[in-house]
K.L.:
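For reference, the structure I am asking about is given below.
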Amino acid sequence: MLTACRRKWFLIVGAACLAAFLCVLVPVLTGAVTGMDDAVYSAISPAINPAMTWVMRKISFFASLPFVCSALLALLLLPKTRHRFGFPLSIAMLSCAVINQLVKFLVAKERPGILILDVENGFSFPSGHSMAALVFYGLLLYFILRFVRHKNRRVLLSFLCIAVILLVGVSRIYLGVHFFSDVVGGFLLGGAVLFFFLYFYEKKLPA
């Protein structure tokens with residue numbers, strides 16, 4: 001009964017994230033978000049300095065393709081984590097990557113032409129790092145809440161997952177490789193992927 005109730009909420013939240021993403025997509029396509037994007041970057045840009053740039057690059061790395069692939073490979077190679085964590089995370093991240101690239105190709109939004117502190121290729125919307133962070137660390141958060149019994153450890157790990165998700169989004173704007181709307185779009189589309197995945201994932205769990 002509890003699993004069925006959770007699945008219903010996963011479906012509702014996933015649908016809400018998808019609807020919100022579409023609401024962001026329309027002004028992105030029409031260019032109506034330019035003022036907001038510029039205002040957010042203007043608020044962040046005064047913090048630019050070599051030390052902060054180093055920190056932001058390190059934070060951004062935790063949602064990069066090399067890091068995520070390495071983490072998934074480690075989980076898949078270990079027998080104790082392969083089935084419980086490795087396979088679900090791999091399927092979710094593969095889905096995330098395919099959807100992200102498809103939407104980027106369809107929207108075809110150019111990257112910012114501002115002070116670029118990192119080098120990225122391809123289109124800008126939605127942010128792949130933000131989307132990957134939401135799906136990867138969001139699914140880790142789900143597993144932490146389900147399987148970690150020690151309360152203080154569960155709280156600490158949950159906080160770290162949420163912090164990484166948010167900081168990755170900030171880092172992409174700071175580094176000049178994404179607009180604010182790209183990050184919001186990445187989080188919302190990532191949320192849709194995550195909660196729809198959890199809806200189908202829990203189908204195989206005992207009621």
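These numbers come from a predicted model, not from an experiment.
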K.L.:
Yes or no on side chain to side chain contact (heavy atoms under 4.5 Å, CB included) for I144 and R153, after CA distance, side-chain angles and deciding distance?
P.N.:
CA-CA 9 Å; I144 288 166; R153 191 175 302 166; over 6 Å; no
K.L.:
Do any N or O atoms from the side chain of R154 and from the backbone of L145 form a donor-acceptor pair under 3.5 angstrom?
P.N.:
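Absent.
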K.L.:
Looking at K109 and D182, does any basic side-chain N land under 4.0 Å from a carboxylate oxygen?
P.N.:
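Looking at K109 and D182, the cut-off is met.
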K.L.:
Test of understanding: with ring-ring contact (aromatic ring centres under 6.0 Å, His included), list the residues that count as partners of F87, not counting sequence neighbours.
P.N.:
H83
K.L.:
Go through the steps for F180 and V33 under the test side chain to side chain contact (heavy atoms under 4.5 Å, CB included), then give the verdict.
P.N.:
CA-CA 9 Å; F180 174 69; V33 295; over 6 Å; no
K.L.:
Given E110 and S124, is the side chain to side chain contact (heavy atoms under 4.5 Å, CB included) satisfied, shown in steps?
P.N.:
CA-CA 6 Å; E110 295 298 327; S124 189; over 6 Å; no
K.L.:
Can you tell which of I162, V168, L166, I165 makes a side-chain contact (heavy atoms from CB on, under 4.5 Å) with Y137?
P.N.:
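It is I165, the one option of I162, V168, L166, I165 that forms the side-chain contact (heavy atoms from CB on, under 4.5 Å) with Y137.
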K.L.:
Please walk me through it: do R172 and S130 pass side chain to side chain contact (heavy atoms under 4.5 Å, CB included)?
P.N.:
CA-CA 8 Å; R172 304 312 285 167; S130 301; 4.2 Å; yes
K.L.:
For the pair F195 and F10, name the ring-plane relationship: parallel under 30°, tilted 30 to 60°, perpendicular over 60°.
P.N.:
tilted
K.L.:
Give a yes or no answer on whether the side chain of T81 reaches the backbone of L75 with a donor-acceptor pair at less than 3.5 Å.
P.N.:
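Flag set: sc T81 to bb L75 pair under 3.5 Å.
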K.L.:
Could you state whether L167 and F61 fall into the same hydrophobic cluster, counting links through intermediate Ile, Leu, Val, Met, Phe, Trp or Tyr residues with side-chain heavy atoms under 4.5 angstrom apart?
P.N.:
yes
K.L.:
Is there a donor-acceptor contact under 3.5 Å from the side chain of S95 to the main chain of I91?
P.N.:
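Such a contact is found between S95 side chain and I91 backbone.
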